[in-house]
Amino acid sequence: MSRPIHAVIHYAALQHNLKLINSKAPSARVWAVVKANAYGHCIEHVFDALRGADGFALLDIAEAEKLRDLGWRGPILLLEGVFDPRDLELCSRLGLWHTVHNETQVQMLAAHKTQQGHRVFLKLNSGMNRLGFDPIRYKSIWTRLNAMHQVEEISLLTHFARSESPSDVLQTLSVFKHATQDLPGERSLSNSGVVLGHSDLLAGEGFPDDWVRPGIALYGASPDAQHKSAKDWGLLPAQSLRSQLIAIQQVHVGDRVGYGAEHVVTKDMVIGVVACGYADGFPRVVGSAAQVLIQGRIRCSIFGRVSMDMLTVDLTPCLAQGVPVDVGAEVTLWGKSSEGVELSIDEVAAHAGTIGYELMCALAPRVRVQRDIDIG
Ligand SMILES: *Cc1c(COP(=O)(O)O)cnc(C)c1O
């Protein structure tokens, strides 16, 4: 048998989360964002559940090819556009739509030999100062693209730096409105945070998205966990990281546990050794405040440092509740246990001083990923 750590991808949760997005932005089409191998979930494991989306958005052409190989004939959008002229040839061949966010990309497109007009999303820098053209130059770039035989259709895109507060969203929206005034074309603005929290606001301003771009919400973590949990948004976790206990240790007062021997035992206790470490993508930095679920439902705290291949937990709560534990007992690191009890990835992330996004994307290649049900 292989090492027991594995990630389970929940088909029904992905579908539920996609439906929730649809209900929040009923008039919009949905780009399911599947960059970074579907936020660590594996494109091939989420594809069937998300094929009800209108298109897939990502960064790497290799991932776009994977979607074509899986049989997806619909739209695919490259969110960072192309990096060199050869990428444009691949866009023509694979029928990829692409973002245009800088002058170099405009020039590459002007020099690109193609029979087939490209669908481009012209990106506005609405204040985040990462990608996109300044509001002052936006219309002139649009005009240049519009004159190119290489361009069939131009859509208008921006990205919100802050999706938490309505006033920030309104301010970004006003920059976008002003820069794109009188330009035709479909509009794409909202990521998960804005779709979930402020679709009504955009619609009320007469600026609903034609295309929304949810990522994290599809995978069931919160875009803004500090203020609102995934559960509060009505999202279901799409990924569960599970393993097993591979050893049990009885320890006594004065004993020490783990590297650095920092954790001194102050009462006789039972320690469980879990086959999960930082080389699996579990953050080493979580302190002993972080918890895992043992036997599907009992919360136990981490005790001692997380090491490369293992972590250790205090099994006292299991003994207190009279639940016998032995080698082979299920351990849920985040997501949902096989008994359906949840431990949010955002909770673990908070103990590591980060966000759920980072943990799901950092799942290590050595962790097996499997679907909970197989389709076809
Ligand atoms: C990653 C990304 C998204 C998705 O963001 P979430 O916060 O995960 O919903 C949307 N748009 C762009 C341009 C992105 O790069």
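In listed order, ligands and their atoms are each counted from 1. Numbers here simply count residues along the sequence, with the first being 1. Heavy atoms only: backbone and side chains are in, while hydrogens, waters and symmetry mates are out.
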Exercise for the section: Anything under 30° is parallel, anything over 60° is perpendicular, the rest tilted; go ahead and classify W211 against W31. Expected result: parallel

Suppose I only count heavy atoms of [X] and a 4.0 Å limit; which atoms of ligand 1 are within that range?
X: P214; result: 9 (O)
X: G215; result: 4 (C), 6 (P), 8 (O), 9 (O)
X: I216; result: 6 (P), 8 (O), 9 (O)

Handout entry: Pairing residues for R93 by the side chain to side chain contact (heavy atoms under 4.5 Å, CB included) criterion, not counting sequence neighbours
Key = L90

Handout entry: Set of side chain to side chain contact (heavy atoms under 4.5 Å, CB included) partners for M148, sequence neighbours left out
Key = V106, L109, A110, L145, Q150, V151

Practice task
For R130 and H101, test the side chains for any donor-to-acceptor distance below 3.5 angstrom and give the result as yes or no.
Solution key: no

Exercise for the section: Consider only side-chain N and O atoms of H10 and S240, and report whether a donor and an acceptor are under 3.5 Å apart. Expected result: yes

Completion exercise
The residue among I5, V306, L245 that forms side chain to side chain contact (heavy atoms under 4.5 Å, CB included) with V274 is L245

Would you mind checking which non-hydrogen protein atom is closest to [atom], with the distance to 0.1 Å?
atom: atom 9 (O) of ligand 1; answer: S192 OG, 2.5 Å
atom: atom 10 (C) of ligand 1; answer: R213 O, 3.4 Å
atom: atom 15 (O) of ligand 1; answer: K35 NZ, 2.7 Å
atom: atom 12 (C) of ligand 1; answer: H159 CE1, 3.5 Å

Practice task
Report the member of F160, Y357, Y39 with the shortest heavy-atom distance to atom 5 (O) of ligand 1.
Solution key: Y39

